Novice: 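Got a structure for you, written out below as structure tokens; questions coming shortly.
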Amino acid sequence: AWVHEDYRRQGIYRKLWDIRWAYVIEHFKNFTVYAWCKPMSLPLLLEKGFKEGDTCVYVEKKIAE
């Protein structure tokens, strides 16, 4: 989920996350869930019982024409 900067700090991300998580709990019993997040989102996932794993770094490169 991504929330436009004009609407951040209003609980929108958490509401989106909670709705998605309820769907996962209902439809994916006995599955293992993996999540990637930015550092600011990590506390929410830890709160939900996720365990912190290795750090992953995003990189990008535009390929010239």
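What you are looking at is a predicted structure, and each value in this text was computed from that prediction instead of being measured. The figures that follow rest on heavy atoms only: side chains count, while hydrogens, waters and symmetry mates do not.
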Novice: Only pairs under 3.5 Å count here: list side-chain donor-acceptor contacts from residues 58-65, not counting sequence neighbours, and write none if there are none.
Specialist:
residue: Y58; atom: OH; partner: E60; partner atom: OE1; Å: 2.5

Novice: For residues 42-59, which residue pairs pass the salt bridge (Lys or Arg N to Asp or Glu O under 4.0 Å) check, not counting sequence neighbours?
Specialist: R14-E47, D18-K48
Novice: Can you tell if the side chain of L44 reaches within under 4.5 Å of the side chain of Y13, non-hydrogen atoms only?
Specialist: yes
Novice: With sequence neighbours left out, what residues match H27 under side chain to side chain contact (heavy atoms under 4.5 Å, CB included)?
Specialist: Y23
Novice: Would a hydrophobic clustering, with Ile, Leu, Val, Met, Phe, Trp and Tyr connected at side-chain separations under 4.5 Å, put F31 with I25?
Specialist: yes
Novice: According to a 4.5 Å side-chain heavy-atom criterion applied to Ile, Leu, Val, Met, Phe, Trp and Tyr, with indirect links allowed, do L16 and L42 form part of one hydrophobic cluster?
Specialist: no
Novice: Is it true that W17 and L46 fall in one hydrophobic cluster, defined by side-chain heavy atoms closer than 4.5 Å?
Specialist: no
Novice: Could you pull out every donor-acceptor pair under 3.5 Å between side chains of residues 5-12 and any protein atom, sequence neighbours left out?
Specialist:
residue: R8; atom: NE; partner: V3; partner atom: O; Å: 2.6
residue: R8; atom: NH2; partner: V3; partner atom: O; Å: 3.1

Novice: Please, which pairs that meet side chain to side chain donor-acceptor pair (under 3.5 Å) have at least one residue in residues 35-46, sequence neighbours excluded?
Specialist: none
Novice: What salt bridge (Lys or Arg N to Asp or Glu O under 4.0 Å) pairs are there with at least one residue in residues 21-33, not counting sequence neighbours?
Specialist: none
Novice: Is there a path of hydrophobic side-chain contacts, each under 4.5 Å between heavy atoms of I, L, V, M, F, W or Y residues, that connects L45 with W21?
Specialist: yes
